[in-house]
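For reference, the structure is listed below as structure tokens.
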Amino acid sequence: MSGVNQRHRTLKRWAIALIAFGVATIAILAMPVQLWRTGRSDVSPLDLIIGGPAVLYSSRVWIDTDAACGTTPKTDPDDCLAITWLIENGQSVVGISTSFGNASGDAVLQTTETLVAKIIEGGHDRIPIWKGWARPTTDEQRTVPPSRAAIRAALGFGPLTILALGPLTNIADALEGRPDLQRNVTRLVAVMGHQPGHLFHPSEASGRGVLMGHGPIFRDLNFSMDEAAARSILQMKIPLTLIPYDASVHAGITAADLETLAQQGPALRWAAETAKGWLGFWKNDIGQPGFFPFDWVAAVYVDEPSLFNCAKTTVWIATEWAFWVYPRESLLVGVTAETAENAKTLYCPETNSLLHDYLITGSLNPLRSR
């Protein structure tokens with residue numbers, strides 16, 4: 001009898017799989033060609049301000065990261081490149097907290113410790129690393145990680161710019177119930193958000209990726225890993241800049257770029273080495289000659305925001321239908337009647353043509369490098 005039940009369960013799974021495949025196929029065939037190729041629905045254009053608007057920054061920077069550089073061939077190296085680049089460019093990074101997302105919390109902590117050791121080897125001072133949450137927080141979790149006290153202490157000392165390269169779990173945890181500390185966040189820079197109907201697939205319109213030339217579809221990982229934390233941050237009304245996928249699409253990092261970076265000290269050499277598997281994934285599966293450095297571009301915004309074209313936008317969380325097949329919660333931006341009330345929130349999807357060279361050389365002068 002158990003064998004019959006097992007066959008029934010197997011048939012049921014196959015039936016569900018076939019139905020899902022059929023629905024997906026119908027949705028794809030019904031989808032407008034332009035949406036399939038570009039991943040973009042028609043939306044109202046944003047009123048982008050070239051090189052601005054100007055923002056207030058603190059000279060003190062806190063980095064929250066889910067660095068997992070080289071953990072697997074398909075793990076992005078952006079966090080390690082971002083952290084090293086900021087420090088090499090003279091930013092005063094007062095602390096780093098570790099999160100989760102690209103890898104487990106333990107793997108992120110180990111990666112960050114290895115990276116900071118390489119940074120010290122290059123002649124920089126030690127930067128304190130604080131272990132943060134390894135998953136979204138719940139009421140049942142009793143053991144609070146050291147990141148909460150560390151972030152609160154840094155904010156209690158004075159104004160702070162926070163660069164969030166992963167989910168917002170640690171930041172929301174430290175700020176919830178503390179309006180006094182929220183006032184000391186001069187700006188939170190987060191890597192997330194998109195306009196309605198935008199799918200993240202880097203093969204956009206090139207026809208070189210897998211999946212009938214469409215290429216892999218990326219999710220808004222930092223948001224999706226802890227939607228509740230993002231919702232909490234939005235309710236705090238702190239100055240917020242969102243650096244989306246679009247900001248990096250014209251700054252692809254190639255094998256030649258990695259070779260150049262490898263000549264610039266032990267930390268960048270190590271980070272460049274960990275990036276080779278990721279670069280191979282982008283070449284073979286996505287069909288791009290270089291990878292888009294999402295988190296690294298956000299680090300540049302902290303250092304040189306004038307390289308970004310940004311809009312004042314309304315930000316909200318709503319359900320979207322991915323490929324018209326399944327629902328998902330999304331962090332959306334756009335222009336609505338409420339935009340004027342959310343003037344502290346900036347969305348920066350475009351960058352100056354100098355961005356790529358600035359990533360590689362650390363200088364806005366193309367004839368000079370760091």
Side-chain angles (χ1 to χ4, degrees), residues 61-71 74-91 93 96 99 101-103 108 111-112 115-116 118-119 161-166 189-193 200 202 218 220-222 241-265 267-279 281-282 286 288-308 348-364 369-370:
V61 178
W62 186 279
I63 301 175
D64 189 76
T65 181
D66 62 341
C69 325
T71 302
K74 292 185 179 181
T75 303
D76 73 69
D78 300 358
D79 289 59
C80 291
L81 291 165
I83 293 167
T84 306
W85 189 91
L86 272 180
I87 293 168
E88 294 283 355
N89 270 34
Q91 288 292 328
V93 178
I96 300 173
S99 187
N102 284 326
V108 170
T111 300
T112 307
L115 174 66
V116 169
K118 294 291 183 181
I119 291 172
T161 297
I162 300 176
L163 174 62
L165 303 177
V189 181
V191 185
M192 58 179 64
F200 298 168
F218 290 2
D220 192 353
L221 181 67
N222 293 342
T241 293
L242 299 177
I243 305 295
Y245 159 95
D246 275 358
S248 63
V249 299
H250 298 300
I253 303 300
T254 65
D257 293 328
L258 294 180
E259 291 179 7
T260 300
L261 292 168
Q263 308 304 313
Q264 300 181 32
L268 284 173
R269 185 182 311 119
W270 178 80
E273 183 64 29
T274 70
K276 291 181 178 179
W278 183 243
L279 178 61
F281 167 65
W282 276 69
I286 295 177
Q288 291 282 2
F291 61 84
F292 300 164
F294 310 117
D295 297 322
W296 191 3
V297 168
V300 175
Y301 181 85
V302 172
D303 183 77
E304 191 59 57
S306 65
L307 291 177
F308 292 75
C348 305
E350 290 186 4
T351 59
N352 188 289
S353 61
L354 295 174
L355 174 67
H356 174 270
D357 290 346
Y358 195 44
L359 289 169
I360 304 305
T361 68
S363 172
L364 293 175
S369 62
R370 65 168 67 84

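Here OG1 of Thr111 is found 9.0 Å from CG of Leu115. Values are rounded to the nearest 0.5 Å. Put simply, CD on Glu259 and OG1 on Thr254 are 8.5 Å apart, with the number rounded to the nearest 0.5 Å. Remark: Asn89 CG to Tyr358 OH distance equals 5.0 Å, nearest 0.5 Å. Within the model, atoms CG of Asp246 and CZ of Phe292 stand 9.5 Å from one another, a figure rounded to the nearest 0.5 Å. With rounding to the nearest 0.5 Å, the separation of CD1 in Ile96 from CD1 in Ile83 is 4.5 Å. For the atom pair CD of Glu350 and CG of Leu355, the computed distance is 12.5 Å after rounding to the nearest 0.5 Å.
You'll find the side chain of Leu165 reaches within 4.5 Å of the side chain of Ile63, heavy atoms only. When side chains are defined from C-beta on, Trp296 does not count as touching Ser248, because their heavy atoms never get closer than 4.5 Å. Contact of the Ile243 side chain with the Val300 side chain is not registered, since no non-hydrogen atoms from C-beta on lie closer than 4.5 Å. Phe281 has its side chain within reach of Ile286: a pair of non-hydrogen atoms, C-beta onward, lies under 4.5 Å apart.
Considering all non-hydrogen atoms of both residues, Leu261 and Ala272 come closest at CB-CB, 4.5 Å. Pairing each heavy atom of Leu279 with each of Ile253, the nearest pair is CD1-O, 3.6 Å. The heavy-atom pair separating Thr75 from Ala68 by the smallest distance is CG2-O, 2.9 Å. Here the closest non-hydrogen pair linking His250 and His356 is O-CB, 4.5 Å. Minimum interatomic distance between Ala82 and Asp295 (heavy atoms only, all atoms of both residues): CB-O, 3.7 Å.
In this structure, the side chain of Asp66 does not engage the main chain of Ala103 through any donor-acceptor pair within 3.5 Å. At least one donor-acceptor pair under 3.5 Å links the side chain of Asp220 to the backbone N or O of Gly193. Distance alone, capped at 3.5 Å, is enough to place a donor-acceptor pair between the Asn222 side chain and the Val191 backbone. The backbone N or O of Leu81 lies less than 3.5 Å from no partner atom in the side chain of Thr84, so there is not a single donor-acceptor pair.
Between Asp257 and Thr260, the side chains place no donor N or O within less than 3.5 Å of an acceptor N or O (distance only, hydrogens not considered).
Ring pair Phe308/Tyr301 is perpendicular by interplanar angle, where above 60° counts as perpendicular and below 30° as parallel.
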